[in-house]
Amino acid sequence: TFTLKELDWNDRQAGDDNTNPFPSFTGNTINDVFLFKNRLGFLSGENIIFSEAGEYFNFFRTTTAALLDSSPIDITASTNKVSKLHSAVPYNERLIIFSDQTQFVLDAEPYLSVKTVTLSPSNEIESLSTVKPVVSSNAIYYGFSRTGYSGVGELGVSVEDADQMEVNDATAHVPKYIKGNIKKIVTATNEDVICCITDDLTSATLYVFKYHNNAQNQKVQAAWFKYSFGTTNDFISDISFIGNKLYMIIRRSGNMYLESLTFEDDLKDTNMDYEVCLDHRYDKPANNSGVSYGASTTITLPTGYVVTSSMKLVTEDSVQYSTSTWGSNTFTVAANLTDAGNFFIGIPYTMEYSFSQPFLKHERVTDTGRYQIQRAFLEYANARSFTVDVVHNPKMDAPNKTTITNTYANDALHSILTGSADLQEGFFKFGVQERNDRLGITVKNDTPYPSDFLSIDYEARTFSRGSRWRG
């Protein structure tokens, strides 16, 4: 249990409005609340206000006869601009403070006191005042606005000068990927992942930034991708990490749901060698609560859970079933699942990845001419079924634009198989026969079964019209 009530703040015990005035946030809006070096802090207007050291609820000096090191702190961010402070982030033993257009560094040595505190501008970059920046790995990530889209920036310690902060754009290579204005950024630092949602109410889309740092804490890999939930006009209201599990409040077809998404590699369901991939997933209760067996099996899901015709039930033997009832919270299977073991109910979704355009590269020669891709070899693992779309002239309209679908292990072939041991690995060969600059290749998996794609190799011919030697 917990108690929600108004705090009992310490009263002024010494002085008056001249010698011991009220803190500057009195009667003004508080924009952020934080803890830093054993003090409770507030941002209000252009001011940073700290409580007494070790006394979070006292914002008055305990004596006016001397200025103690433990006394509250109330300082103003002074620049040639109006700087309304909106976020404070502890970082690298310092406090980084954000306004709409300026960032400040608050520092104090050897300890934080009214005598040692310093506040100085560090960078002039625009940021979204409604989005709290987060610290992940060795950088602070913040949101900024583009016309109709958003970007995510990185603010970190300069490699050349540890006293300086340098800025990078984490979305420089995908400037029009995050649609709308970012409204929240969260991070799971132990999984090197950052998630954000926007104010776009037409799509329940979660944008994810995944990166990997080497032993020297240098970023060697980074990629953006997204999860799209529900249907048109569904949206994600809020997100928050607890450990490596992301909790989301999602509106689906007018109903609000609390759902979770775990960011961890090599997850497996009980008695299986993979995790069943279903959206809006419901797992069989351990005590069979709500499950009625017979010639047909009926599962009563939690109140508010609406079954749709597209939902599937997958057993621990990798067998799929559809429902004969929908529109309520009842899922009915025309089979007796008494001996089926665990099962999972949810919405199948499509995993989709589009490869970048292939180029022919030489160490010292740049070729100009036709580069004809003949075929490709896709390396896969832990896969049961997927398709590869080869799109000719993807930037054109039909009939010039055509798509050839290549299917690996159509799932119908597995209908006679049981168990989880039918996941395969190897190379999938498919024809292309297209110029590299008129080609699009997309791999898809719309089954509840996993698939890992490790690499792709191309077999091609080049017809050179000229060469330029780089000496």
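- Aromatic rings of Phe343 and Tyr321 (six-membered ring for Trp) have centroids beyond the 6.0 Å cut-off, not under it.
- Checking side-chain atoms of Lys132 against main-chain N and O of Ala88 turns up a donor-acceptor pair under 3.5 Å.
- Of all non-hydrogen atoms in Ile182 and Ser150, the two that sit nearest each other are N-OG, 3.0 Å.
- Across Glu93 and Phe36, no two heavy atoms sit closer than the pair O-CZ, 4.0 Å.
- Pairing each heavy atom of Cys196 with each of Leu206, the nearest pair is O-CD1, 3.8 Å.
- Applying ring pair (Phe, Tyr, Trp, His ring centres under 6.0 Å) to Phe453 and the options Phe428, Phe427, Phe386 leaves one that passes, Phe386.
- No side-chain donor-acceptor contact under 3.5 Å links Asn168 to the backbone of Glu154.
- Side-chain atoms of Ser83 and Gln101, non-hydrogen and from C-beta on, never get closer than 4.5 Å to each other.
- Residues that satisfy the side-chain contact (heavy atoms from CB on, under 4.5 Å) test with Phe235, not counting sequence neighbours, are Leu201, Ser237, Arg251.
- Geometric assessment of Lys226 against the ring of Tyr177 yields a positive cation-pi assignment under the 6.0 Å and 45° thresholds.
- Between the side chain of Ser240 and the main chain of Tyr247, no donor-acceptor pair closer than 3.5 Å is present.
- Look at Arg281 and Asp283 and you find a salt bridge, because one of the NZ, NE, NH1 or NH2 atoms lies within 4.0 Å of a carboxylate O, short of that distance.
- Taking CD from Glu191 and NZ from Lys245, the interatomic distance works out to 12.5 Å, rounded to the nearest 0.5 Å.
- The side-chain heavy atoms of Ile48 and Ile73, taken from C-beta on, include no pair separated by under 4.5 Å.
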#### Entry: side-chain contact (heavy atoms from CB on, under 4.5 Å) between Asn31 and Leu85, worked out
CA-CA 7 Å; Asn31 298 325; Leu85 310 177; 5.5 Å; no
### Message
side-chain contact (heavy atoms from CB on, under 4.5 Å), that's the test. Do Phe209 and Ile178 meet it? Break it down for me.
### Response
CA-CA 11 Å; Phe209 180 62; Ile178 303 176; over 6 Å; no
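- Taking 4.5 Å as the limit, every side-chain heavy atom of Ile96 sits out of range of all side-chain heavy atoms of Val135.
- Remark: the Ser44 side chain and the Asn28 side chain contain no N/O donor-acceptor pair separated by less than 3.5 Å.
- A donor-acceptor contact shorter than 3.5 Å is absent between the side chain of Thr402 and the backbone of Val391.
- His392 and Val432 make their closest contact through CE1-O, 3.1 Å (heavy atoms, listed as atom of the first residue, atom of the second, distance).
- Ser122 and Gln103 form no side-chain donor-acceptor contact under 3.5 Å, judged by distance and modelled atom types alone.
- At distances below 3.5 Å, not a single donor-acceptor pair connects side-chain atoms of Asn58 with backbone N or O atoms of Glu52.
- With no hydrogens or angles considered, no side-chain donor-acceptor pair links Asn181 and Tyr149 at under 3.5 Å.
- Each of Phe34, Phe59, Phe42 was evaluated against Phe50; a single residue qualifies, Phe34, per the ring pair (Phe, Tyr, Trp, His ring centres under 6.0 Å) test.
- No side-chain heavy atom of Asp279 sits under 4.5 Å from any side-chain heavy atom of Tyr227.
- Judged purely by distance below 3.5 Å, without hydrogens or angles, the side chains of Thr76 and Asn47 pair a donor atom with an acceptor atom.
- Residues Asn138 and Val157 fail the side-chain proximity criterion, which asks for heavy atoms closer than 4.5 Å.
- The backbone N or O of Ala170 sits less than 3.5 Å from a side-chain atom of Trp224, completing a donor-acceptor pair.
- Between the CG atom in Asp32 and the OG atom in Ser129 there is a gap of 12.0 Å [rounded to 0.5 Å].
- Applying the side chain to side chain donor-acceptor pair (under 3.5 Å) test to residues at least two apart or on different chains, the pairs with a partner in residues 348-359 are Ser354-Thr442.
- A perpendicular orientation is assigned to the rings of Tyr449 and Tyr274, their planes being inclined by more than 60° (bins at 30° and 60°).
- Side-chain atoms of Lys183 and Thr198 form no donor-acceptor pair, as typed in the model, at a separation below 3.5 Å.
- Salt bridge Lys115/Asp69: present, at least one basic N to carboxylate O contact under 4.0 Å.
- Gly243 and Asn190 get closest at one heavy-atom pair: O-OD1, 4.2 Å.
- Between the side chains of Tyr211 and Ser136, a donor-acceptor pair is found at a separation under 3.5 Å.
- Within the 3.5 Å criterion, the main-chain N or O of Ser24 finds a donor-acceptor partner in the side chain of Asp74.
- The main-chain N or O of Asn342 is found under 3.5 Å from a side-chain atom of Glu316 such that the two form a donor-acceptor pair.
- Remark: Gln320 CD to Leu278 CG distance equals 8.0 Å, nearest 0.5 Å.
- Between Tyr142 and Phe144, the two ring planes are tilted [angle within 30° to 60°].
- Within a 6.0 Å radius of NZ in Lys210, other residues, nucleotides and ligands contribute more than 12 heavy atoms.
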### Task
Determine, step by step, whether Phe355 and Leu378 satisfy the side-chain contact (heavy atoms from CB on, under 4.5 Å) criterion, reporting the C-alpha distance in whole Å, the side-chain angles of both residues, the deciding distance to 0.1 Å, and the verdict.
CA-CA 11 Å; Phe355 292 95; Leu378 177 63; 3.8 Å; yes
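- Heavy-atom minimum distance, Ile345 versus Tyr305: O-OH, 4.1 Å.
- Counting heavy atoms from C-beta outward, Tyr282 and Met311 have side chains that stay 4.5 Å or more apart.
- A donor-acceptor pair shorter than 3.5 Å cannot be found between the side chains of Ser253 and Asn255.
- Counted by atom type alone, Asp389 and Thr405 present one or more donor-acceptor pairs between their side chains at under 3.5 Å.
- Aromatic ring centres of Tyr380 and Tyr408 lie closer together than 6.0 Å.
- Within the model, atoms CG of Asp100 and OG of Ser87 stand 9.5 Å from one another, a figure rounded to the nearest 0.5 Å.
- Side-chain contact between Ile197 and Met248 is absent, with no heavy-atom pair separated by less than 4.5 Å.
- For the pair Val105/Met165, a side-chain contact is recorded, criterion being any heavy-atom separation below 4.5 Å from C-beta on.
- The number of heavy-atom neighbours closer than 6.0 Å to CG of Asp266, taken from other residues, nucleotides and ligands shown, is 12 or below.
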### Message
Is there a side chain to side chain donor-acceptor pair (under 3.5 Å) between Thr308 and Ser310? Walk through the geometry before answering.
### Response
CA-CA 5 Å; Thr308 64; Ser310 62; 3.2 Å; yes
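- Side-chain N or O atoms of Thr116 include one that pairs as donor or acceptor with a backbone N or O of Ser113 at under 3.5 Å.
- Between the Thr262 side chain and the Glu264 main chain, no donor and acceptor come within less than 3.5 Å of each other.
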### Task
Please report the C-alpha distance between Phe60 and Phe22 in whole Å, then the side-chain angles of each, then the deciding distance to 0.1 Å, and finally whether the ring-ring contact (aromatic ring centres under 6.0 Å, His included) criterion is met.
CA-CA 7 Å; Phe60 293 104; Phe22 279 80; 5.0 Å; yes
